[in-house]
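Every chain is numbered from 1, with letters handed out A, B, ... down the list of sequences. All values below come from the heavy atoms of this structure, side chains included, with hydrogens, waters and symmetry mates left out.
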Protein chains: 2
Amino acid sequence: MSVTIKDIAERAGVSFSTVSKALRNSPLVQEKTKQKVLRIAEEMGYQPNIAARRLVSKKSQAIGVVWPSVERATTGALITLINEELEQRSYTTLLSINRIESAIAAFHRFQVDAIFIFYNHEEQVPPDFRYQTNIPILIYGVAGRVPYPTIDVRRDRATMLAVRHLHELGHREIAYIGEPSRFDLLQVEKIRMFREESERLGIRHSVVPIDNMETHSGYLAAKRILQQKQRPTAIISGSYDLTRGIMQAAQELKLSIPEQLSIVSYDNIPQSVTLEVPLTTVGVDIAKIADKVTETLLHLMNEESVPLSIFMEPELVVRSSTAAPLAASR
Amino acid sequence: MSVTIKDIAERAGVSFSTVSKALRNSPLVQEKTKQKVLRIAEEMGYQPNIAARRLVSKKSQAIGVVWPSVERATTGALITLINEELEQRSYTTLLSINRIESAIAAFHRFQVDAIFIFYNHEEQVPPDFRYQTNIPILIYGVAGRVPYPTIDVRRDRATMLAVRHLHELGHREIAYIGEPSRFDLLQVEKIRMFREESERLGIRHSVVPIDNMETHSGYLAAKRILQQKQRPTAIISGSYDLTRGIMQAAQELKLSIPEQLSIVSYDNIPQSVTLEVPLTTVGVDIAKIADKVTETLLHLMNEESVPLSIFMEPELVVRSSTAAPLAASR
DNA sequence: CTGTTAGCGCGTTCAA
DNA sequence: TTGAACGCGCTAACAG
């Protein structure tokens with residue numbers, strides 16, 4: 001049996017409702033009594049019973065996060081940040097790796113205050129969101145395609161910024177590494193814009209196919225394309241993981257960055273800065289995404305209205321991995 | 001407000017306790033009444049309030065899994081399997097990526113029926129397990145070093161099997177890839193035994209240092225060692241991820257497996273079989289680990305006693321990635 | 001300031 | 001076969 005407020009009350013020699021107030025830091029309790037109760041609660045290892053609290057107050061102070069596929073540096077980093085922000089506001093984050101529908105059902109049973117869904121585009125079957133619940137739901141990654149509030153990044157704008165940046169520096173032959181063999185909507189948008197903008201600016205461009213979004217794939221793709229007779233002077237990478245592989249390949253081929261090869265990487269995460277060569281990136285700062293998600297979740301839980309689709313605008317952050325090509329033909 | 005058994009009772013014209021019985025399929029209710037209640041519940045979209053149920057029954061039918069670090073193919077696969085097995089037995093799996101102590105506290109508040117901890121050896125600070133709770137706890141990966149039941153693999157035995165297997169095939173020059181720069185207890189055991197057993201059998205051996213346990217590190221390490229004048233005829237790999245990189249390197253160097261290079265990989269996961277060259281592996285079948293974890297968790301929840309330390313014995317599974325060296329000097 | 005009381009939704013006696 | 005009553009742990013309203 002777990003320790004309850006009654007147990008504490010008995011030990012402290014007060015009534016259990018006084019304990020309840022003390023624990024919730026109510027001003028209706030004498031400071032001395034409060035301290036005593038708190039100390040005893042601590043000693044006894046008290047943890048409030050969420051079930052009982054939820055029964056009365058209708059709040060569980062918990063958020064459910066649905067994360068059907070367990071992967072990639074950026075996703076992991078984002079979840080970690082959101083988790084921290086919510087913890088600071090005394091919310092508990094619970095994760096589920098089940099299919100979306102059954103994850104929602106589970107969180108419904110556990111009466112979480114809100115559900116945040118990482119929508120994985122690689123999933124074969126599109127999830128059925130018709131599951132009945134009045135728990136607020138927020139989705140990441142599918143702006144406007146589902147009947148729920150969503151947060152998403154304008155990925156195509158990110159590639160546009162990257163292409164323009166390279167064009168302005170004088171690059172006229174660029175490559176994009178990041179088209180996985182499995183269909184992935186998140187990547188498709190970026191690539192489409194890469195082609196469009198390159199053509200508009202009259203830049204020679206190519207898209208290098210890869211197996212998956214892992215570091216090693218980036219390495220192999222870069223190795224392949226950089227060994228061609230006419231190699232591109234700049235590469236745009238679809239993710240941080242890929243970029244690490246690309247830089248490794250460049251190093252092995254003795255191509256110095258940015259003198260002989262410029263790299264613009266999608267994803268703006270803290271690691272981007274601490275690499276040997278700090279990366280020029282396009283994308284939304286991951287901390288900003290986490291802020292926005294947390295903020296929106298809080299709004300949702302307070303029953304305040306939020307926009308159905310929130311789009312975050314990517315930024316270009318120029319660091320040390322891009323420069324004018326050696327023989328700039330401007 | 002959600003629909004409760006009272007609402008159903010009113011509509012069905014029976015008392016709410018009859019509804020409760022009907023929903024739990026009690027034999028104390030007339031079949032006709034039962035059907036009617038069930039139908040109405042369905043119509044009204046009834047979902048039992050777990051909070052209330054748990055208050056009474058003391059069971060939440062949920063397991064908390066603590067997973068402080070989000071990584072590696074094998075870990076992810078294992079969690080997925082455990083999740084599935086528990087789901088089949090109608091348990092819900094909740095994950096937390098918080099530090100061990102606060103994850104336990106959260107699960108305590110949510111009154112899960114058991115907690116399973118993936119102990120991450122890379123964590124700097126050893127967790128404080130003195131947190132008070134009487135929820136059963138099971139830990140993976142630290143046999144005997146904590147005051148809780150643990151499940152672990154005899155990793156050193158795995159390497160021993162690998163070395164012996166290669167020795168019997170006639171290999172006299174082998175390498176081990178899998179010593180990360182950051183201290184990792186899980187790897188240390190394997191490497192120690194690699195050295196011991198090799199020396200005992202009089203085999204020339206070397207351990208190749210790597211940065212981390214990712215595929216790409218395996219690739220780089222293999223590339224390095226296989227280009228030496230006197231290259232080893234066989235490699236033992238510390239993990240499935242590393243092995244993928246090693247095979248890639250071999251392929252680029254035009255070394256055919258197993259004719260020119262034998263590989264024994266640690267980790268026995270389904271992917272081991274479906275590679276171009278099915279892998280000879282040492283380790284415990286991941287499905288068996290998942291079975292054992294699930295089973296132990298169920299015992300723990302039924303308050304049956306379980307051994308304080310459960311060790312799982314690795315097996316050698318010979319597939320197609322090992323053979324006698326070309327110029328076997330037996 | 002502190003204690004008493006009621007009730008959240010449900011499962012489980014015990015009576016009817 | 002059904003229903004009434006109690007209590008799980010907690011919060012909130014009210015009374016002392």
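Taking atom CG of B:N25 as the reference point, atom C1' of C:dG11 lies 15 Å away to the nearest angstrom. A:L28 has its CG atom 13 Å from the P atom of C:dG3, to the nearest Å. A:R109 places its CZ atom 14 Å from the P atom of C:dC10, with the value rounded to the nearest Å. Rounded to an integer number of Å, the gap from CZ of A:R53 to P of C:dG9 is 18 Å. Atom CZ of A:R54 and atom C1' of C:dC8 are 11 Å apart (whole Å). Rounding to whole angstrom units, CD of residue A:E31 and C1' of C:dT2 are separated by 16 Å. Per the geometry, CD belonging to A:Q111 stands 11 Å off C1' belonging to C:dC8, to the nearest Å. As rounded to whole Å, 20 Å separates atom P of D:dG9 from atom NZ of A:K21.
In this structure, the nucleotide among D:dT2, C:dC10, C:dT2 sitting nearest to the side chain of B:Q30 is D:dT2. Residue B:V29 has its side chain nearest to D:dT2 when only D:dT2, D:dG9, C:dG9 are considered.
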_side chain to side chain donor-acceptor pair (under 3.5 Å) assessment of B:S20 paired with B:S17_ = CA-CA 5 Å; B:S20 172; B:S17 67; over 6 Å; no
*asked:* If you apply the rule side chain to side chain donor-acceptor pair (under 3.5 Å), what do you find for B:N83 with B:T93, and how did you get there?
replied: CA-CA 6 Å; B:N83 184 54; B:T93 305; 3.1 Å; yes
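With respect to A:R54 and A:D113, a salt bridge is recorded, a charged nitrogen being found less than 4.0 Å from a carboxylate O. A salt bridge does not link B:K6 to B:E10: none of the charged nitrogens lies less than 4.0 Å from a carboxylate oxygen.
For a distance-only test at 3.5 Å, the side chain of A:S15 fails to qualify as a donor-acceptor partner of the base of C:dT2.
Distance CE/A:M312 to NZ/A:K292: 6.0 Å, rounded to 0.5 Å.
Within 4.0 Å (heavy atoms only), A:K6 reaches sugar-phosphate atoms of the nucleic acid but no base atom. Using a 4.0 Å heavy-atom cutoff across all strands shown, B:S17 reaches at least one base atom of the nucleic acid. Residue A:R24 is in sugar-phosphate contact alone, with no base atom involved, counting any heavy-atom pair closer than 4.0 Å across all strands shown.
Side-chain nitrogen and oxygen atoms of B:S20 include none within less than 4.0 Å of the OP1 or OP2 phosphate oxygen of C:dC10.
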